[in-house]
Peer 1: 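The structure follows.
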Amino acid sequence: MKQVRKAIIPVAGFGTRLLPISKSIPKEMVPVVDRPLIQHVVEEAMAAGINEIILVTRSGKSAIEDHFDAHAELEDSLAKKGKDALLETLAAIAPANLKITSVRQPNAQGLGHAVFCAAHLLGQDEPFAVILPDVLVKPQTESTTCDLGDMVLRWNSSSAAQIMVEAVPQEEVYRYGIVDCGGSEPQAGESADMLGVVEKPKPEEAPSRLSVIGRYVLPYRVMELLSDQPPGAGNEIQLTDAIDRLMQEGKTVQAFRMNGRTFDCGHIEGWLKANTILAREAGYDV
């Protein structure tokens with residue numbers, strides 16, 4: 001069985017929910033405590049054993065790639081001044097085993113289209129992860145559990161696609177994609193077979209309270225399905241539509257219930273919350 005070694009991170013969005021901050025700065029470069037949002041997400045992938053990152057990007061986003069590139073002039077200046085701690089901080093951004101590749105999404109046609117833009121960078125029948133960078137997934141305080149890593153382990157043992165979910169209040173299910181597990185809800189850190197996904201259901205019609213977070217471990221077959229996936233909601237190519245087709249083919253797709261915490265940094269309130277809570281946990285006086 002092929003292991004998950006690559007993660008696709010779509011970064012081509014405009015970040016409209018973070019305006020005016022994101023007018024000239026990619027939203028993925030907005031800082032959360034002491035490093036940009038994209039670095040948090042790449043570190044999550046590395047902690048899960050994934051060291052090859054594919055950025056699906058567009059024009060105006062070169063700062064993201066630059067962040068993971070070497071900066072010889074800066075490094076030389078720090079070395080001459082004996083600022084070894086800062087040099088170590090820079091080196092930690094892109095460790096030697098991290099491989100960053102980028103591919104352009106020529107026009108915005110939905111998440112499914114963004115993911116498919118990276119299809120040619122995968123090997124035949126190679127599984128892959130998808131990480132949406134708007135949402136940070138962090139362990140509970142004093143925990144070292146890596147939810148994405150647990151999803152990868154479950155793929156390795158079962159070959160079942162994994163979709164990360166978390167429970168939300170019943171009255172808020174209308175805001176999310178809600179998974180249908182046939183009335184069964186997995187415990188934290190466990191997976192359950194999915195029957196489908198319902199986008200933004202009415203609270204009284206929701207099949208569960210488990211919302212899709214933005215972390216996926218998928219078989220290569222999803223790429224083949226995306227190759228001819230017709231537009232869906234919003235006249236865009238939806239990743240969830242391809243996952244639904246995967247289930248219709250009889251393939252197992254499971255909802256993995258996370259142990260950790262989420263911070264939706266795609267909007268101002270969530271970004272402020274992440275900075276406040278995570279800064280305090282890091283020892284900053286805020």
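Heavy-atom basis, side chains included; hydrogens, waters and symmetry copies ignored.
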Peer 1: Is the shortest side-chain N to carboxylate O distance from E44 to R215 below 4.0 Å?
Peer 2: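 Looking at R215 together with E44, the answer is yes, because their closest N to O distance falls below 4.0 Å.
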
Peer 1: Judged by atom type as modelled, is there a donor-acceptor pair below 3.5 Å linking the side chain of S158 to the main-chain atoms of R154?
Peer 2: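 Pair found, side chain donor or acceptor close to backbone of R154.
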
Peer 1: Show, in sequence, the C-alpha distance, side-chain angles and deciding distance for R261 and E166, and conclude whether the salt bridge (charged side-chain N to carboxylate O under 4.0 Å, His left out) test is met.
Peer 2: CA-CA 9 Å; R261 302 167 291 166; E166 71 173 338; over 6 Å; no

Peer 1: When you look at L278 and L136, which way does the side-chain contact (heavy atoms from CB on, under 4.5 Å) test go after all the steps?
Peer 2: CA-CA 11 Å; L278 297 178; L136 288 184; 4.2 Å; yes

Peer 1: Check the pair I38 / M29 against side-chain contact (heavy atoms from CB on, under 4.5 Å), numbers first and verdict last.
Peer 2: CA-CA 6 Å; I38 188 65; M29 289 301 297; 3.9 Å; yes

Peer 1: Side chains of I178 and R209, heavy atoms from C-beta outward: is any pair under 4.5 Å?
Peer 2: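 I178 does not reach R209 side chain to side chain.
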
Peer 1: With heavy-atom distances below 4.5 Å as the criterion, would you say the side chains of I243 and Y216 are in contact?
Peer 2: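 Sidechains of Y216 and I243: in contact.
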
Peer 1: Does any non-hydrogen side-chain atom of H71 lie less than 4.5 Å from one of L90?
Peer 2: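 Sidechains of H71 and L90: no contact.
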
Peer 1: If I compare all heavy atoms of Y220 with all of Q124, which pair ends up nearest, and what's the gap?
Peer 2: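 Minimum heavy-atom contact is CE2-NE2, 4.3 Å.
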
Peer 1: Indicate yes or no: at least one non-hydrogen side-chain atom of L132 is less than 4.5 angstrom from one of I213.
Peer 2: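 Counting from C-beta outward, L132 and I213 never come under 4.5 Å.
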
Peer 1: Rounded to the nearest 0.5 Å, what's the gap from NE2 on H267 to NZ on K273? Could you check?
Peer 2: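 Reported to 0.5 Å precision, the distance equals 8.5 Å.
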
Peer 1: For the atom pair CG (L18) and CD1 (I25), what is the distance rounded to the nearest 0.5 Å?
Peer 2: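 Reported value, rounded in 0.5 Å steps: 10.5 Å.
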
Peer 1: Answer yes or no: is there an ion pair linking R245 with D241, defined by an N-O contact shorter than 4.0 Å?
Peer 2: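 Answer for the salt bridge query: no.
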
Peer 1: Quick check against the 3.5 Å criterion: does R58 have a side-chain atom that pairs as donor or acceptor with the backbone of A12?
Peer 2: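 Yes; judged by distance alone, with no hydrogens or angles, the pair exists.
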
Peer 1: Under the salt bridge (charged side-chain N to carboxylate O under 4.0 Å, His left out) criterion, do K80 and D76 qualify, and how do the steps go?
Peer 2: CA-CA 6 Å; K80 288 178 179 178; D76 183 60; 3.2 Å; yes

Peer 1: Keeping H40 on the side-chain end and V32 on the backbone end, is there a donor-acceptor pair under 3.5 Å?
Peer 2: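 Indeed, once roles are kept as given, a pair shorter than 3.5 Å links the two residues.
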
Peer 1: Is Q162 reaching over with its side chain to a backbone N or O of A160, donor-acceptor style, under 3.5 angstrom?
Peer 2: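 The answer is yes, because a donor-acceptor pair under 3.5 Å joins these two groups.
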
Peer 1: Please step through side-chain contact (heavy atoms from CB on, under 4.5 Å) for the pair I131 and I8, ending with a clear verdict.
Peer 2: CA-CA 6 Å; I131 304 175; I8 298 169; over 6 Å; no

Peer 1: Stepwise, does the salt bridge (charged side-chain N to carboxylate O under 4.0 Å, His left out) test hold for E249 with R221?
Peer 2: CA-CA 10 Å; E249 291 182 347; R221 175 60 180 157; 2.6 Å; yes

Peer 1: Would a distance-only check, ignoring hydrogens and angles, find a side-chain to backbone donor-acceptor pair under 3.5 Å from K6 to L121?
Peer 2: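 Checking the backbone N and O of L121 against the side chain of K6, a donor-acceptor pair under 3.5 Å is found.
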
Peer 1: Considering all heavy atoms of both residues, which atom of V173 and which atom of P201 are nearest to each other, and what is their separation?
Peer 2: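 Where V173 meets P201 most closely, the heavy atoms are O-CD, 3.6 Å.
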
Peer 1: Are any non-hydrogen side-chain atoms of L148 and M151 less than 4.5 angstrom apart?
Peer 2: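 Side chain of L148 against side chain of M151, heavy atoms only: contact under 4.5 Å found.
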
Peer 1: Check this for me, if you would: do D264 and R175 make a salt bridge, where the nitrogen-to-carboxylate-oxygen distance has to be below 4.0 angstrom?
Peer 2: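 Result for this pair is no, no salt bridge flagged.
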
Peer 1: Going by distance alone, is a donor N or O of one side chain under 3.5 Å from an acceptor N or O of the other, for Q109 and E236?
Peer 2: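 No, E236 and Q109 have no side-chain donor paired with an acceptor closer than 3.5 Å.
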
Peer 1: When you measure from the side chain of S184 to the backbone N and O of C181, does any donor-acceptor pair fall under 3.5 Å?
Peer 2: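 Flag not set: sc S184 to bb C181 has no pair under 3.5 Å.
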
Peer 1: Considering all heavy atoms of both residues, which atom of P26 and which atom of G60 are nearest to each other, and what is their separation?
Peer 2: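 Taking P26 first and G60 second, the nearest heavy atoms are CG-O, 3.9 Å.
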
Peer 1: State plainly whether the residues R35 and E43 are in salt-bridge range, i.e. N to O under 4.0 Å.
Peer 2: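 A salt bridge links R35 with E43.
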
Peer 1: Search all heavy atoms of N51 against all heavy atoms of M46 and return the closest pair with its distance.
Peer 2: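 Closest approach of N51 to M46: CA-SD, 3.8 Å.
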
Peer 1: Under 4.0 Å between a side-chain nitrogen and a carboxylate oxygen: does that hold for R280 and D285?
Peer 2: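 Looking at R280 and D285, the cut-off is not met.
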
Peer 1: Passes side-chain contact (heavy atoms from CB on, under 4.5 Å), I9 versus V42? Steps please.
Peer 2: CA-CA 9 Å; I9 305 180; V42 169; 4.3 Å; yes

Peer 1: Rounded to the nearest 0.5 Å, how far apart are CD of Q105 and NZ of K61?
Peer 2: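 These two atoms lie 10.5 Å from each other.
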
Peer 1: Hey, are the side chains of L246 and V253 touching, using non-hydrogen atoms and a 4.5 Å cut-off?
Peer 2: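 Counting from C-beta outward, L246 and V253 do come under 4.5 Å.
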
Peer 1: Output yes when a side-chain donor or acceptor of D147 lies under 3.5 Å from a complementary backbone atom of N259, and no otherwise.
Peer 2: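 Answer holds: yes.
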
Peer 1: Just how far is it from atom CH2 of W155 to atom CD of Q3, taken to the nearest 0.5 Å?
Peer 2: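 If we round to the nearest 0.5 Å, W155:CH2 and Q3:CD are 10.0 Å apart.
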
Peer 1: Indicate yes or no for a side-chain donor-acceptor contact from D180 to the backbone of P207 under 3.5 Å, with no hydrogens or angles considered.
Peer 2: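 A pair under 3.5 Å: no.
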
Peer 1: Using the rule given for salt bridge (charged side-chain N to carboxylate O under 4.0 Å, His left out), can you reason through E126 versus R5, listing the C-alpha separation, both sets of side-chain angles and the distance that settles it, and then say yes or no?
Peer 2: CA-CA 9 Å; E126 182 176 16; R5 291 287 180 261; over 6 Å; no

Peer 1: Please report the shortest heavy-atom distance between F68 and Q39, naming the atom on each side.
Peer 2: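 Scanning both residues, the minimum pair turns out to be CZ-CA, 4.2 Å.
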
Peer 1: Please check: side-chain N/O of R257 versus main-chain N/O of G189, any donor-acceptor pairing under 3.5 Å?
Peer 2: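 Side chain of R257 to backbone of G189: no pair is present.
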
Peer 1: Taking all non-hydrogen atoms of both residues into account, name the closest pair between P219 and A161 and its distance.
Peer 2: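 Closest approach of P219 to A161, heavy atoms only: CD-CB, 3.9 Å.
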
Peer 1: In Å and rounded to the nearest 0.5 Å, what is the CG to CD distance from L226 to E224?
Peer 2: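 Going from CG on L226 over to CD on E224, the span is 10.5 Å.
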
Peer 1: Distance from L86 atom CG to E88 atom CD, nearest 0.5 Å?
Peer 2: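 Spacing of CG (L86) from CD (E88) equals 9.5 Å.
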
Peer 1: Answer whether the closest heavy-atom distance between the side chains of T57 and V103 falls below 4.5 Å.
Peer 2: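 Not in contact.
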
Peer 1: Do you see a donor-acceptor pair shorter than 3.5 Å between the side chains of E52 and T101?
Peer 2: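 Their side chains do not contain a donor-acceptor pair, so the 3.5 Å distance test is not met.
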
Peer 1: Closer than 3.5 angstrom, by distance alone: can the side chain of W271 be matched with the main-chain N or O of P31 as a donor-acceptor pair?
Peer 2: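 At least one qualifying donor-acceptor pair exists.
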
